[in-house]
Each structure stands twice: as C-alpha cells, then as structure tokens.
Amino acid sequence: MNTITPAIDPTRESIKCFAEQFPADQPVVMLNLLRFRDQAAYADASIAPCSGRRAYATYSKLIEPILAAAGGEVVWMGNSFSALIAPPGEQWDEVLLVKYPNKNAFLGMIQSEAYRAIVHHRTAALADSRLVPNSQAQ
C-alpha cells in the first residue's frame with residue numbers, strides 16, 4: 001500500500017529551503033512529475049467541470065507568457081509509463097523539464113500576481129505531483 005502523501009503545491013518551508021540552498025548563479029531545471037485527477041477539483045463551483053488533464057492544459061496555455069517573461073522555457077515534455085524503480089503505487093501521467101535562468105527567476109514567477117491568478121487550474125488538475133529543482137553537475 002502506498003503511504004506517500006500527495007503533494008500539489010510547494011510549502012513555505014520548501015520554498016524557503018530552495019531559496020536558501022540552491023546556488024544563486026546556476027540555471028534551474030525543474031523536474032515536474034504530474035498525476036492528474038479524473039475530474040478537476042475547482043474550489044470555485046462556477047468553473048465548468050472538466051478532467052484534470054484538461055484543467056492542466058488550461059494552466060499550461062496560461063503559463064506560457066508568464067514563463068517566457070521569467071526567462072523560462074519547457075525543455076522537454078512527455079507521457080510517463082510504469083516506473084521501474086519507485087514505491088508501490090507511485091505512478092505519473094506526465095513529466096516536464098522546465099528551465100529557468102536562476103532561482104530568482106523561478107521565485108519571482110511563482111510570487112507574481114499573474115501566476116497567482118492562474119495557479120488554481122494547476123491545483124485543481126493534480127492528484128499528486130513532484131517539483132524537483134536541479135542544477136548542472138560540477
């Protein structure tokens with residue numbers, strides 16, 4: 001039985017740790033592991049029902065100009081299949097690699113008013129996720 005708690009949004013503690021520990025002068029490559037809900041879970045009942053995958057597609061379209069303004073770019077995106085090495089029951093629907101010029105570009109983006117206005121689509125779409133910052137090996 002999988003006892004891993006689903007994680008959708010970063011916590012204040014995880015953001016603080018990233019801000020303090022990630023090298024300031026390094027590009028960030030964010031590994032995004034995504035598992036979609038069958039039905040998006042919007043807090044706002046006035047939003048038309050849709051699948052989690054559809055809600056994430058809405059988020060993806062809306063994030064494009066915000067990501068570009070932060071100097072970010074999607075490096076790779078694809079579908080995920082059964083894991084060869086993972087805890088039992090852990091599986092992902094989609095994987096993305098998103099590159100930012102540095103940690104401040106990422107932090108500025110997620111703290112922006114524009115991002116906060118659209119992130120509800122991401123939150124509604126996902127049953128579970130991982131967001132793992134990576135830097136170039138030295």
Side-chain angles (χ1 to χ4, degrees):
M1 179 176 184
N2 186 1
T3 59
I4 297 173
T5 304
I8 308 301
D9 297 311
T11 64
R12 285 186 177 166
E13 294 80 21
S14 66
I15 294 290
K16 183 177 185 263
C17 183
F18 169 69
E20 291 173 353
Q21 295 180 4
F22 197 90
D25 60 344
Q26 293 286 313
V28 180
V29 177
M30 283 291 183
L31 168 64
N32 293 253
L33 301 175
L34 310 172
R35 184 177 324 128
F36 300 112
R37 295 177 187 272
D38 290 336
Q39 181 77 27
Y42 283 104
D44 182 351
S46 69
I47 297 175
C50 65
S51 70
R53 191 174 286 274
R54 178 72 180 153
Y56 198 86
T58 298
Y59 167 78
S60 294
K61 185 69 175 165
L62 294 171
I63 194 71
E64 287 177 4
I66 300 167
L67 181 63
E73 65 175 316
V74 175
V75 176
W76 188 86
M77 181 176 123
N79 295 317
S80 186
F81 298 91
S82 298
L84 298 175
I85 300 173
E90 185 175 273
Q91 61 186 37
W92 305 105
D93 296 319
E94 197 167 286
V95 177
L96 285 99
L97 293 174
V98 182
K99 186 175 183 180
Y100 300 88
N102 54 53
K103 70 179 177 184
N104 290 332
F106 173 77
L107 291 169
M109 183 191 78
I110 65 169
Q111 294 169 353
S112 73
E113 194 173 310
Y115 183 81
R116 288 193 309 265
I118 67 162
V119 72
H120 65 282
H121 294 292
R122 181 186 182 281
T123 301
L126 298 175
D128 199 2
S129 68
R130 300 293 181 268
L131 188 60
V132 182
N134 300 277
S135 67
Q136 182 74 36
Q138 299 295 322

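All heavy atoms count here, side chains included; hydrogens, waters and symmetry mates do not. All figures in this text were calculated on a predicted structure; none of them were measured in a lab.
Atom OG of Ser112 and atom CG of Leu107 lie 11.5 Å apart (nearest 0.5 Å). The CD1 atom of Ile63 lies 13.0 Å from the NZ atom of Lys61; values are rounded to the nearest 0.5 Å. Within the model, atoms OG of Ser129 and CG of Leu33 stand 8.5 Å from one another, a figure rounded to the nearest 0.5 Å. Rounded to the nearest 0.5 angstrom, Leu67 CG and Lys99 NZ are separated by 12.5 Å. Atom NZ of Lys16 is separated from atom CD of Gln21 by 9.5 Å, given to the nearest 0.5 angstrom. Taking CE of Met109 as the start and CG of Asn104 as the end, the distance is 13.0 Å to the nearest 0.5 Å.
By the 4.5 Å heavy-atom criterion applied to side chains, Leu126 and Leu34 are counted as neighbours. Counting heavy atoms from C-beta outward, Leu97 and Val74 have side chains that stay 4.5 Å or more apart. Counting only heavy atoms from C-beta outward, the side chains of Lys103 and Pro133 never approach each other to under 4.5 Å.
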(message) What verdict does the side chain to side chain contact (heavy atoms under 4.5 Å, CB included) test give for Val75 and Val98, after you've listed the backbone C-alpha separation in whole Å, the side-chain angles of each residue and the deciding distance to 0.1 Å?
(response) CA-CA 5 Å; Val75 176; Val98 182; over 6 Å; no
(request) Would you check, one step at a time, whether the test side chain to side chain contact (heavy atoms under 4.5 Å, CB included) holds for Arg53 with Asp93? (result) CA-CA 9 Å; Arg53 191 174 286 274; Asp93 296 319; 3.6 Å; yes
(request) I would like to know whether Ile47 and His120 meet side chain to side chain contact (heavy atoms under 4.5 Å, CB included); could you show each step before the answer? (result) CA-CA 11 Å; Ile47 297 175; His120 65 282; 4.0 Å; yes
(message) If you apply the rule salt bridge (charged side-chain N to carboxylate O under 4.0 Å, His left out), what do you find for Glu94 with Arg35, and how did you get there?
(response) CA-CA 7 Å; Glu94 197 167 286; Arg35 184 177 324 128; over 6 Å; no
(message) Could you go through Leu31 and Val95, starting from their C-alpha distance and side-chain angles, then the distance that decides it, and tell me whether this counts as side chain to side chain contact (heavy atoms under 4.5 Å, CB included)?
(response) CA-CA 7 Å; Leu31 168 64; Val95 177; 3.8 Å; yes
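Counting heavy-atom neighbours within 6.0 Å of Gln91 CD, excluding the residue itself, gives a total of 12 or less. The environment of CD in Gln136 is sparse: at most 12 heavy-atom neighbours from other residues, nucleotides or ligands sit within 6.0 Å. Residue Arg130 places its CZ atom among more than 12 non-hydrogen atoms of other residues, nucleotides or ligands, all under 6.0 Å distant.
Gln39 and Pro49 make their closest contact through NE2-CB, 3.2 Å (heavy atoms, listed as atom of the first residue, atom of the second, distance). Heavy atoms only, all atoms of each residue included: Pro101 and Gly71 are closest at CD-O, 3.3 Å. Minimum heavy-atom separation, Ala70 to Ala105: O-CB, 3.3 Å. The shortest non-hydrogen separation linking Arg54 to Ser51 is N-OG, 3.0 Å. Minimum heavy-atom separation, Ile15 to Pro10: CD1-CB, 3.7 Å.
Distance alone, capped at 3.5 Å, places no donor-acceptor pair between the Asn32 side chain and the Leu131 backbone.
By the criterion of side-chain heavy atoms lying less than 4.5 angstrom apart, applied directly or through intervening Ile, Leu, Val, Met, Phe, Trp or Tyr residues, Trp76 is grouped together with Val132 in one hydrophobic cluster. Hydrophobic cluster membership differs between Leu96 and Trp92, with clusters built from Ile, Leu, Val, Met, Phe, Trp and Tyr side chains linked at under 4.5 angstrom.
Every residue two or more places apart in sequence or in another chain was checked for a side chain to side chain contact (heavy atoms under 4.5 Å, CB included) with Asp38, and none qualifies. Take Arg122 and apply the salt bridge (Lys or Arg N to Asp or Glu O under 4.0 Å) test, not counting sequence neighbours, and it matches Asp9.
Sequence neighbours left out, the pairs with a member in residues 15-58 that pass ring pair (Phe, Tyr, Trp, His ring centres under 6.0 Å) are Phe18-Phe22, Phe18-Phe106, Phe36-Tyr56, Tyr42-His121, Tyr56-Tyr59.
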